[in-house]
Amino acid sequence: MCEEKQWNSTQLRRYDLELEQIPRLYYTDPKVDELISLNKPVVITGSNIIKTAKANWTPEYLEQNIGNAGHTVMLSKTHKFKYFDESKVLNKNNPHGIEFTPPTRKTKMKIGEFMRKLREWKPGNDRLYLQQPLNNTIGDLLVRDFINFDWEYINNKQSKHNWGPLTSNLILISQEGNVTPCHYDEQQNFFGQAYGYKRCILFPPSDFECLYPHPVYHPHDRQSMVDFDKPDYTRFPRFKFAKGYETVVEPGDVLYIPIYWWHHIESLMRGGPTISVNFWYKVGPTSLEYPLKDHQKVSITRNVEKMLLEVLQDPKEVGPLLRSMVLGRYT
Ligand SMILES: O=C(O)C(=O)C[C@H](CCCc1ccccc1)C(=O)O
Ligand SMILES: [Zn+2]
């Protein structure tokens with residue numbers, strides 16, 4: 001029988017985008033491996049990958065068991081939590097940094113305070129988003145749940161698809177309605193949804209020209225410059241050609257977010273807090289096979305930008321040099 005959906009479309013934010021559905025496949029379906037080997041997204045359903053998290057991880061359980069350490073909590077004045085790299089911000093010990101006004105603030109909070117602030121939240125208060133790498137400060141019950149993830153399945157995928165080593169698992173406890181704006185990561189990602197519902201919009205690396213990433217030297221490196229809530233089509237005309245794929249992940253789902261794929265992630269509005277746990281893998285040893293894959297071209301552009309900054313020193317010189325090199329010659 002088809003289960004009634006636990007959410008409705010009024011809980012999704014409205015964007016000027018045409019979106020296809022990301023396939024949802026049962027974990028034993030051979031098409032899962034087909035899509036992963038093509039670096040294409042897929043929602044893996046019905047698996048035991050994060051079964052213990054799906055079964056146990058409620059906000060109350062995490063309050064009791066995540067541990068008494070100070071956890072990393074991002075604060076934002078808006079619903080958007082646009083990530084930035086602190087090491088690229090201009091400050092006293094980073095003269096090459098960029099003038100930059102951080103859109104979010106990072107703090108440390110014990111879980112009790114975080115949950116209280118979530119419960120007492122009022123419009124006008126800073127929004128909160130707990131983003132904590134799983135480490136040895138977590139409580140014994142969480143360690144037991146983590147150990148009981150289906151590591152046989154996970155490790156099988158990691159080796160079958162030549163992923164590199166698991167670098168980290170991030171526990172994400174989000175307030176309803178929070179958005180992580182569109183960005184890409186340089187790692188393969190098994191994104192597990194443990195509690196609540198998250199809408200994920202993904203774009204292929206080939207949409208690079210439509211999503212206008214900040215310059216590599218910018219603190220918002222890897223993040224799209226386009227504000228999905230109010231796209232500036234004068235500055236970003238090709239955004240209207242971006243072709244996205246979307247899904248709403250539910251408890252127990254694992255979304256494969258391929259390396260270099262753009263993703264925008266939102267906790268449903270009026271859906272209560274959400275809990276996710278991701279698995280980030282460094283990329284394995286890659287030989288350059290031709291024709292190059294789209295994500296390899298993105299990686300090449302990154303290397304060119306880094307090299308130019310290295311040799312020019314001044315970020316303001318990178319654009320003009322690239323323009324003079326290309327305009328009238330390559331365009
Ligand atoms: O798993 C992923 O890749 C996501 O983007 C998940 C995303 C939160 C990511 C927060 C973050 C981004 C960069 C560095 C450290 C933390 C969400 O679920 O809101
Ligand atoms: Zn990400």
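One-based numbering, in listed order, for ligands and for the atoms of each.
The N, O or S atom of Asp185 with the smallest distance to the Zn ion (ligand 2) is OD2. Distances from the Zn ion (ligand 2) to each N, O or S atom of His183 single out NE2 as the nearest.
For atom 3 (O) of ligand 1, the nearest protein heavy atom (residue, atom name, distance) is Asp185 OD2, 2.8 Å. Protein heavy atom in closest approach to atom 11 (C) of ligand 1: Gln131 OE1, 4.0 Å. In terms of protein heavy-atom proximity, atom 7 (C) of ligand 1 is nearest to Thr180 OG1, 3.7 Å.
Aromatic rings of Trp163 and Phe279 (six-membered ring for Trp) have centroids beyond the 6.0 Å cut-off, not under it. Aromatic ring centres of Phe146 and Trp151 lie closer together than 6.0 Å. In this structure, His263 has its ring center no closer than 6.0 Å to that of Phe191. Aromatic rings of His264 and Phe228 (six-membered ring for Trp) have centroids within the 6.0 Å cut-off, being under it.
Of all atoms in ligand 1, numbered sequentially from 1 with element shown, those under 4.0 Å from a heavy atom of His183 are 5 (O). The distance from ligand 1 to the heavy atoms of Leu170 drops below 4.0 Å at these ligand atoms: 16 (C). Each of the following atoms of ligand 1 lies closer than 4.0 Å to a heavy atom of Asn278: 1 (O), 2 (C). Every atom of ligand 1 is numbered from 1 in the order shown, and the set under 4.0 Å from a heavy atom of Asn189 is 1 (O), 2 (C), 3 (O). The ligand atoms of ligand 1 that sit less than 4.0 angstrom from a heavy atom of Tyr129 are 17 (C), 18 (O), 19 (O).
Side-chain polar atoms of Asn39 and Tyr256 form a donor-acceptor pair below 3.5 angstrom. With 3.5 Å as the limit, one finds no donor-acceptor pair spanning the side chains of Tyr27 and Asp150. Under the 3.5 Å distance criterion, with hydrogens and angles disregarded, no donor-acceptor pair is assigned to the side chains of Thr52 and Arg144.
Under the 6.0 Å distance and 45° angle rule, Lys82 does not count as a cation-pi partner of Phe84.
Between Asp85 and Arg222 there is no salt bridge, since no side-chain nitrogen of the basic residue lies less than 4.0 Å from a carboxylate oxygen of the acidic one.
Here's the thing with Ser276: none of its N/O atoms is less than 3.5 angstrom from an N/O atom of ligand 1. Remark: ligand 1 and Lys198 share an N or O pair separated by less than 3.5 Å (distance only, no angle test).
Proximity of Trp280 to ligand 1, defined as any heavy-atom pair under 4.0 Å, is confined to the side chain (atoms from C-beta onward).
Ligand 1 has no atom lying under 4.0 Å from any heavy atom of Phe81.
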